[in-house]
Asker: 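So that we are looking at the same thing, I have put the structure below in structure tokens.
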Amino acid sequence: MTASVRSVYLEEKLLATQIPQSPYFVYEERKVNAESKYVLSRFAYLHADRNQIVVESPLSYSRVILHHWIASAVIHMLAQPVSAKDLCRMIPELPEATASELISLLLSSGIVRELNNLGLSREDGIASLQSWEFHDFLFHSRSRGGRHDHPSGGTYRLAGILDPPPVLKKMNRGKFLPLYRPDLEKLQQKDPAYARVQEERCSIREYAKEPISIQQLGEFLYRVGRVSDFQKTAINTPHGVLQMDLAFRPFPSGGGLYEMELYLAINRCEGLASGLYYYDPEKHCLLLLSGMTADVEGLVKDAGRATLIPDKQIQTLIILAARFQRLAWKYSTIAYSLMLKNVGALYQTMYLAATAMGLAPCAVGYGDSDLFARAAGTEYYTETSIGEFLLGSRL
């Protein structure tokens, strides 16, 4: 791909360079009409990378490095439809031929679109692209192979820079409330058949008059969230062999790293005071973090709005928070994508357990991560919510 690198110069000044970043890249020379209008794709974005300004798009198999302020100014002007002649008038230092070269390079990189007489581009006419929002398309393209050349997978990118993140979160404040531990052998004998549980699994948004009990909550958390085993393992990293601790739980998790933490906003639960709790998966205990503060009430109200359940009827809101560094320490490109997959796996585990227990489960599609971090006292960039799940007594 190195041979396909193309650059635009103004005399001796290097303005911009196109870098292929995919094996699927094919250079297409694009002719530029000095009178035609051009505009940035709505998927184009500018960012700093390794002391360089880079503009790229998830539509493209290449990126463009901006070496000179003139190239950056061109990108700025292209936020509105302009022609090569317009660019020359707005940037006197830029000759028309060089402006056309720059536009051609950006066109071949999918960063700029040519407009027709109706003021529309070919991008506007592609119905499938209208379904994609910018952030979704970028996340999809960068967390999958095909359209970038960044390292992916288990690279242990932070080994030698940061210590391996701890296997479990340590909570040393407050008093722990032990939870009911069910007998797994008895559960295996009395539980309904898996095929029946799977067929009956569904979201339930109406609850019985009597709320879920603390014993039911303890059994549910034991089924879905407890630590079932520990293991030390030697891992090969770019900085040599390191020891990493693993703690296994009833749901699958990428790399067996289990970055997920469970918090419970208790609105109504027999035998348990309202408030925000942390679930300790090793001790199988709850730790009261706060009473029903305005922030905790806000979390419950958000879940109600997302599921159309009156917030006064909500019984237990389980919040899934991720300790991001636990996965990001090992994985390049795909860490957050794996966390969302883990959320889905835990959701299904929760649905099946709740159905087997005769409870009312409902996954929540939206939550406020800043509000959670404020309510739980976590640092947003270190640990915050990435999923929510409602649980209650069944009619």
Side-chain angles (χ1 to χ4, degrees), residues 151 153-179 181 221-265 276-290 318-346 349-350 369-370 372-389:
T155 61
Y156 296 97
R157 65 188 186 91
L158 295 177
I161 300 173
L162 300 174
D163 292 332
V167 62
L168 294 175
K169 179 175 180 174
K170 299 299 181 185
M171 299 287 282
N172 299 318
R173 55 176 171 147
K175 183 178 179 181
F176 285 92
L177 174 65
L179 290 169
R181 291 174 177 264
L221 291 170
Y222 192 83
R223 285 176 180 253
V224 304
R226 77 186 189 282
V227 169
S228 57
D229 196 13
F230 286 95
Q231 177 183 310
K232 283 188 178 290
T233 184
I235 53 173
N236 293 312
T237 78
H239 291 268
V241 178
L242 296 176
Q243 291 290 324
M244 195 164 193
D245 294 326
L246 302 177
F248 299 106
R249 301 167 78 173
F251 59 94
S253 177
L257 295 178
Y258 291 96
E259 79 290 354
M260 212 73 67
E261 301 288 350
L262 301 182
Y263 294 78
L264 289 81
L276 182 65
Y277 294 80
Y278 168 74
Y279 173 65
D280 186 309
E282 180 184 11
K283 298 183 179 74
H284 187 57
C285 294
L286 290 180
L287 173 64
L288 178 62
L289 300 179
S290 75
I318 302 173
I319 302 159
L320 285 58
R323 290 185 292 127
F324 302 114
Q325 194 183 114
R326 180 73 179 167
L327 260 67
W329 185 84
K330 175 180 178 180
Y331 291 106
S332 296
T333 301
I334 63 171
Y336 193 70
S337 175
L338 281 180
M339 292 178 207
L340 295 184
K341 292 178 175 72
N342 293 341
V343 169
L346 182 49
T349 304
M350 288 177 162
S369 297
D370 275 288
F372 166 77
R374 212 166 61 191
T378 64
E379 204 275 322
Y380 185 94
Y381 305 109
T382 302
E383 177 192 350
T384 195
S385 57
I386 58 173
E388 290 81 19
F389 194 91

Asker: How close do P281 and L168 get, counting heavy atoms only, and between which atoms?
Answerer: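 Heavy-atom minimum between the residues: CG-CD2, 4.1 Å.
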
Asker: As a quick check of understanding, evaluate side chain to side chain contact (heavy atoms under 4.5 Å, CB included) for L286 and L179, giving each step before the final call.
Answerer: CA-CA 7 Å; L286 290 180; L179 290 169; 3.7 Å; yes

Asker: Are the ring centres of F230 and F248 closer than 6.0 Å?
Answerer: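 Judged by ring-centre distance (under 6.0 Å), F230 and F248 do not meet the cut-off.
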
Asker: Is the backbone of P151 close enough, under 3.5 Å, to the side chain of T155 for a donor and an acceptor to pair up by distance?
Answerer: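 No, the answer is negative, given that no donor and acceptor are paired below the 3.5 Å cut-off.
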
Asker: When you compare the side chain of M171 with that of K283, does any pair of heavy atoms fall below 4.5 Å?
Answerer: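 Counting from C-beta outward, K283 and M171 never come under 4.5 Å.
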
Asker: Quick one: are L262 and M350 in side-chain contact, heavy atoms under 4.5 Å?
Answerer: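 SC-SC contact between L262 and M350 confirmed.
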
Asker: Decide yes or no on side chain to side chain contact (heavy atoms under 4.5 Å, CB included) for M260 and L346, but give the supporting numbers first.
Answerer: CA-CA 9 Å; M260 212 73 67; L346 182 49; 4.0 Å; yes

Asker: Side-chain contact, heavy-atom cut-off 4.5 Å: V167 with R326?
Answerer: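 With C-beta onward as the side chain, the pair touches.
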
Asker: Report yes or no: is the cationic atom of K169 (NZ for Lys, CZ for Arg) under 6.0 Å from the centre of the six-membered ring of Y278, at an angle within 45° of the ring normal?
Answerer: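 Judged by the rule (NZ or CZ under 6.0 Å from the ring centre, within 45° of its axis), K169 counts as positioned above Y278.
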
Asker: Return the minimal non-hydrogen interatomic distance between G153 and I334, and the atom names on each side.
Answerer: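 The answer is CA-CD1, 3.9 Å.
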
Asker: Can you list everything that forms a ring pair (Phe, Tyr, Trp, His ring centres under 6.0 Å) with F251? Sequence neighbours excluded, please.
Answerer: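 Once residues adjacent in sequence are excluded, the partners of F251 under the ring pair (Phe, Tyr, Trp, His ring centres under 6.0 Å) criterion are Y258.
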
Asker: R226 versus L221: any side-chain heavy-atom pair under 4.5 Å?
Answerer: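 No, side chains not in contact.
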
Asker: Kindly compute the distance separating CE (M339) from CG (L327), expressed to the nearest 0.5 Å.
Answerer: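 Between atom CE of M339 and atom CG of L327 there are 5.0 Å.
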
Asker: Would you say the side chain of L276 lies within less than 4.5 Å of the side chain of S290, judging by non-hydrogen atoms?
Answerer: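 Side-chain contact under 4.5 Å: yes.
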
Asker: About how many Å separate OG1 of T349 and CG of N342, when rounded to the nearest 0.5 Å?
Answerer: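 Between atom CG of N342 and atom OG1 of T349 there are 10.5 Å.
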
Asker: Once rounded to the nearest 0.5 Å, what's the spacing between atom CG of D280 and atom CZ of F176?
Answerer: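 Here the rounded value is 5.0 Å.
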
Asker: Compare every heavy atom of G254 with every heavy atom of Y331, then report the nearest pair and how far apart it is.
Answerer: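 For Y331 versus G254, the nearest heavy atoms are OH-C, 4.0 Å.
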
Asker: Step by step, work out the side chain to side chain contact (heavy atoms under 4.5 Å, CB included) result for L288 and L177.
Answerer: CA-CA 8 Å; L288 178 62; L177 174 65; over 6 Å; no

Asker: Looking only at atom types and distance, does a side-chain atom of S253 sit under 3.5 Å from a main-chain N or O of G256, one as donor and one as acceptor?
Answerer: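 Between the backbone of G256 and the side chain of S253 there is no qualifying donor-acceptor contact (under 3.5 Å).
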
Asker: Please check if the number of heavy atoms outside D163 that lie under 6.0 Å from its CG is greater than 12.
Answerer: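 No, the 6.0 Å shell around CG holds no more than 12 heavy atoms from other groups.
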
Asker: Does a donor on one side chain sit under 3.5 Å from an acceptor on the other, for H284 and Y279?
Answerer: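 There is such a pair between these side chains.
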
Asker: Stepwise, does the side chain to side chain contact (heavy atoms under 4.5 Å, CB included) test hold for T233 with D245?
Answerer: CA-CA 6 Å; T233 184; D245 294 326; over 6 Å; no

Asker: Once rounded to the nearest 0.5 Å, what's the spacing between atom OG of S332 and atom NZ of K330?
Answerer: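 Answer rounded to 0.5 Å: 11.5 Å.
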
Asker: If you look at every heavy atom in C285 and P178, which pair is closest and at what distance?
Answerer: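 Looks like SG-CA, 3.7 Å.
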
Asker: Is there a donor-acceptor pair under 3.5 Å between the side chain of S369 and the backbone N or O of T384?
Answerer: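 Not at all, since once roles are kept as given, no pair shorter than 3.5 Å links the two residues.
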
Asker: W329 vs Y156 aromatic rings, parallel, tilted or perpendicular, using cut-offs 30° and 60°?
Answerer: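 W329 vs Y156 ring planes: perpendicular.
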
Asker: Taking the side chain as every heavy atom from C-beta outward, state whether F324 and I386 have any pair of such atoms under 4.5 Å apart.
Answerer: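 The answer is yes; the side chains approach within 4.5 Å.
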
Asker: Strictly distance-based, threshold 3.5 Å: is any side-chain N or O of T237 a donor or acceptor partner for the main-chain N or O of H239?
Answerer: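 Yes, the answer is positive, given that a donor and an acceptor are paired below the 3.5 Å cut-off.
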
Asker: Do L287 and Y263 make a side-chain contact, defined as non-hydrogen atoms from C-beta onward lying under 4.5 Å apart?
Answerer: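 Sidechains of Y263 and L287: no contact.
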
Asker: Give a yes or no on whether the backbone of V227 and the side-chain of R249 come within a donor-acceptor separation of less than 3.5 Å.
Answerer: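 Such a contact is absent between R249 side chain and V227 backbone.
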
Asker: Any donor and acceptor pair, going by atom type alone, linking the side chain of R323 with main-chain N or O of E261 inside 3.5 Å?
Answerer: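 Such a contact is absent between R323 side chain and E261 backbone.
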
Asker: Main chain of A328, side chain of Q325: is a donor-acceptor contact present, judged purely on distance under 3.5 Å?
Answerer: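 Checked: no pair found.
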
